[in-house]
Novice: 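What follows is a single structure, and I will ask about it in a moment.
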Protein chains: 2
Amino acid sequence: MTPPRSADQDLVRKVNKSLVLNTLRLHAPISRAAIAKLTGLNRSTVTHIVNALLDENLVLEQPVPSFAVGRPSIALVLNPLGGAIIGVEIGVDFVSVVAADFVAQPIWQSTQVISPLSPQADILAQAEAVIDQAICAAQDRGQHVIGIGVGLPGLVNVNLGELVYAPNLGWRSLPLEQRWSQRFQLPIYMDNEANLAALGEYYFGQAHKVENFIYLNSGIGLGGGVVIAGKLFRGGHGFAGEIGHVQRDPQGEWCGCGRRGCWETQVGPRAMLRRLQKSLADTPTDLLPPGFPADLSQLTFEMIVNAADTGDPACLAALQEVAYHLGAGIADLVNVFNPDMVIIGGLLSLARHLMLPEIEKTVREQSLAPSVSQTKITFSERGKDACIFGAVAIVLDDILREAAIS
Amino acid sequence: MTPPRSADQDLVRKVNKSLVLNTLRLHAPISRAAIAKLTGLNRSTVTHIVNALLDENLVLEQPVPSFAVGRPSIALVLNPLGGAIIGVEIGVDFVSVVAADFVAQPIWQSTQVISPLSPQADILAQAEAVIDQAICAAQDRGQHVIGIGVGLPGLVNVNLGELVYAPNLGWRSLPLEQRWSQRFQLPIYMDNEANLAALGEYYFGQAHKVENFIYLNSGIGLGGGVVIAGKLFRGGHGFAGEIGHVQRDPQGEWCGCGRRGCWETQVGPRAMLRRLQKSLADTPTDLLPPGFPADLSQLTFEMIVNAADTGDPACLAALQEVAYHLGAGIADLVNVFNPDMVIIGGLLSLARHLMLPEIEKTVREQSLAPSVSQTKITFSERGKDACIFGAVAIVLDDILREAAIS
DNA sequence: AATTAATTTGTTGCGACGATCAATTAATTG
DNA sequence: CAATTAATTGATCGTCGCAACAAATTAATT
């Protein structure tokens with residue numbers, strides 16, 4: 001902000017710029033006039049903005065032979081070299097880093113296995129080393145790095161840029177933004193996994209153009225990302241979306257959070273494993289479902305799905321039960337949020353073909369009348385990548401629109 | 001819009017105008033420069049807007065002797081005669097109408113008892129007659145009526161202006177906005193009771209300046225109004241906020257919606273009456289708590305509260321139980337929405353002194369760590385009036401800011 | 001009584017955005 | 001092949017909001 005403008009007008013300008021960039025991202029190659037038509041802005045305005053963007057090198061003029069009826073126009077496209085974005089996901093047992101160009105195409109990627117038992121400092125140092133490599137990779141291609149997006153498995157205070165509590169890592173009060181913005185001299189954007197995955201779906205996935213939706217992320221626990229009016233909803237203090245710990249059965253199993261019958265205990269993959277392990281504990285090895293290891297502690301969710309695919313009744317029943325509870329919980333969410341779409345991601349998406357009918361049926365039956373019919377329920381199509389592309393998206397988001405409500 | 005302007009710039013202008021009016025409403029009398037400071041707008045801009053408002057007669061110049069250090073300025077105030085607003089609430093057994101001036105002071109009020117058994121046409125005709133009186137009352141004072149806000153006990157499609165379903169009235173698919181905008185030739189704004197009550201709290205009550213809060217309206221059922229970023233949240237299709245039908249106990253009592261253990265069955269005043277009636281059915285009349293009628297079907301929530309106040313253990317225990325369930329449900333809402341405030345209104349607010357400690361304790365215990373401490377839990381201070389002043393607020397809202405997200 | 005500080009208002013120039021008219025070009029059509 | 005149509009771009013002018021300077025006025029202070 002070279003001349004100190006009012007916040008109001010500056011905001012309008014930024015929104016307009018974001019609008020143009022976003023339209024460009026979605027419809028390139030495109031003419032100035034077409035942008036104006038799509039954004040609703042005036043063409044003169046668009047011309048101004050595009051000229052500024054050309055100066056900033058974020059946009060390229062690309063001669064396209066006969067790209068439309070009319071003047072032999074020079075179409076505009078986003079300049080892939082206009083900037084690079086680093087997406088980072090710190091999981092419970094891995095660190096994944098991707099460098100993407102300005103059109104969100106990955107140009108470098110690396111995943112490192114870590115031990116959750118290692119000291120925090122070691123894990124961070126390892127992550128930083130990988131990020132350094134990613135930055136170098138981007139700079140070798142001549143791309144200026146715009147920012148770093150970080151996905152974290154826990155409660156994140158977005159305003160302070162602090163990881164408040166990550167139960168599965170045992171981390172508390174880690175001022176990551178401060179640390180990394182000093183270390184890398186770049187803007188750091190961070191949020192929890194589920195929020196980022198939701199944002200990823202909004203930008204690059206199924207929730208494209210869907211302004212109100214809920215993303216359910218089933219990993220170790222059950223996280224939720226809520227998008228309202230096209231923006232991540234974080235609540236008054238940034239901790240909204242803890243959908244997994246809604247109590248759904250006061251007589252249910254104990255949950256790590258101290259309550260009984262959290263939704264997470266009914267439908268989380270881990271909770272499901274635990275249940276199946278217990279119920280199969282007394283079964284002789286040779287009667288176990290096909291593909292199951294003798295040592296049940298080695299059981300994975302994938303094995304259950306495979307066994308169910310081959311028709312094993314116990315596994316099928318277990319998945320049906322999860323589907324029912326999932327549907328019932330989603331029905332509540334539909335009652336409360338009335339979203340346009342619910343996306344189920346993470347581990348559970350492995351069983352999409354087995355669970356979707358039951359989920360849909362339950363939701364239709366259990367939510368109040370008029371809202372349901374317009375709510376679409378789907379599974380995410382990108383597995384592990386959802387979060388890390390969300391990390392890329394959150395950086396883009398800052399450029400393409402204001403990110404969060406409140 | 002005399003010259004066809006772009007939606008974008010028009011929006012900015014409307015927002016600015018709303019900002020000025022809102023500031024004026026909150027801080028009158030005030031100078032132009034002070035408005036500029038508070039709104040963040042430029043003083044010239046404010047001057048422009050204020051001049052327009054003076055032309056529209058919505059604002060008055062009021063000479064105030066030495067109202068501030070400096071030039072003997074002429075302070076600005078909203079013109080109470082600038083417009084009148086009609087607020088209407090159609091309840092299950094009453095129709096209440098208020099006419100308020102531009103600063104939301106009631107100038108005329110009337111409540112009519114109706115029988116929910118009367119045919120729809122009769123009830124509507126009765127309501128329309130009262131509204132006619134209210135409009136006349138306003139016009140007699142020389143006040144131009146700006147619009148009519150209507151609160152309805154059921155699902156409302158705000159976009160279509162239609163009452164979709166009101167279970168307790170037995171009404172379905174009533175295109176009220178169409179009917180009344182023709183009848184009265186005025187803009188009609190409508191929403192369900194809980195949403196309006198929430199809006200009322202935001203404009204005239206405790207939630208003043210609170211940008212994220214949840215209003216729980218306990219009447220016949222349990223409704224919810226969610227305000228996010230200072231705006232009513234209605235969800236993708238306008239039916240968000242059906243908080244009362246979140247399932248909290250799969251083994252619980254059957255609810256009218258067809259499911260078991262909805263929150264409403266645990267904490268709704270009516271559900272509580274039913275429970276207490278059942279448990280006291282075999283108690284001899286002379287052992288009933290003080291103040292209880294022999295015919296238990298005459299029992300009211302108020303009697304229970306009174307009995308509990310005199311120390312009756314059964315009633316106290318019943319209230320404590322409700323408080324516990326209320327707290328548990330609010331804890332879930334806190335996990336999901338992370339609001340700044342939760343306001344409990346309606347009938348339950350009669351028992352605020354008996355229930356608040358237990359509710360607060362339960363919420364603190366049961367919601368995830370960092371969000372709770374900043375969430376305030378209170379009871380509404382306005383009883384029946386919450387909704388009808390919300391109806392006034394929704395009309396003001398259209399003038400003072402854009403109402404709903406999405 | 002004089003000075004200082006605080007507050008408000010008028011005026012002017014600038015930049016951004018929007019509307020409109022005119023001009024250009026390619027595909028389509030008779 | 002000429003006319004029409006669709007699409008784009010350039011140029012000009014008007015309006016609105018903002019910043020900055022100047023002027024006015026009064027409470028508080030010295």
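In what follows, chains carry the letters A, B, and so on, assigned in the order in which the sequence lines appear, proteins first and then strands, with residues in each chain numbered from 1.
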Novice: In whole angstroms, how far is the C1' atom of D:dA7 from the CD1 atom of A:I35?
Specialist: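 Rounding to the nearest Å, CD1 of A:I35 and C1' of D:dA7 are 15 Å apart.
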Novice: If you go through the side-chain atoms of B:R43, does one of them form a donor-acceptor pair with the base of D:dG17 closer than 3.5 Å?
Specialist: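 By the distance-only test, no, there is no pair.
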Novice: Tell me whether the NZ or CZ atom of B:R382 lies within the 45° cone about the ring axis of B:F389 and under 6.0 Å from its centre.
Specialist: yes
Novice: May I have the distance from A:L76 (atom CG) to D:dT8 (atom C1'), rounded to whole angstrom?
Specialist: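 After rounding, the reported distance stands at 12 Å.
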Novice: Can you tell me the distance, in whole Å, between the NZ atom of A:K17 and the P atom of C:dA16?
Specialist: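 A:K17 atom NZ is separated from C:dA16 atom P by 13 Å.
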Novice: With respect to the phosphate group of C:dT8, does any side-chain polar atom (N or O) of B:S31 fall under 4.0 Å of OP1 or OP2?
Specialist: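 Yes, within the criterion.
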Novice: May I ask which nucleotide in the shown strands pairs with C:dC21, Watson-Crick or G-U wobble, both distances under 3.5 Å?
Specialist: D:dG10
Novice: Quick one: which of C:dC17, C:dA19, D:dT8 gets closest to the side chain of A:N42?
Specialist: C:dA19
Novice: Measuring from the side chain of B:H48 (C-beta onward, heavy atoms only), which nucleotide among D:dT8, C:dT11, D:dG17 has the closest atom?
Specialist: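 Minimum distance to the B:H48 side chain belongs to D:dG17.
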Novice: Are B:K231 and B:D397 close enough for a salt bridge, meaning some N to O gap below 4.0 Å?
Specialist: no
Novice: For A:R32, answer base if it contacts any base atom (sugar-phosphate contacts may also be present), sugar-phosphate if it contacts only those atoms, and nothing otherwise; contact means non-hydrogen atoms under 4.0 Å.
Specialist: sugar-phosphate
Novice: Would a line drawn from the ring center of B:F337 to the ring center of A:F337 be shorter than 6.0 Å?
Specialist: yes
Novice: Round to the nearest Å and state the distance from A:K37 atom NZ to C:dA19 atom C1'.
Specialist: 16 Å
Novice: Under 3.5 Å, is there a donor-acceptor pair linking the side chains of B:E211 and B:Y202?
Specialist: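 Indeed, the side chains of B:E211 and B:Y202 share at least one donor-acceptor pair under 3.5 Å.
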Novice: Take atom CG of A:N51 and atom P of D:dT9, then tell me their distance rounded to the nearest Å.
Specialist: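 It works out to 11 Å between those atoms.
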Novice: Write down the distance between CG (B:L54) and P (C:dT9), rounded to a whole number of angstrom.
Specialist: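 To the nearest whole Å, that distance equals 12 Å.
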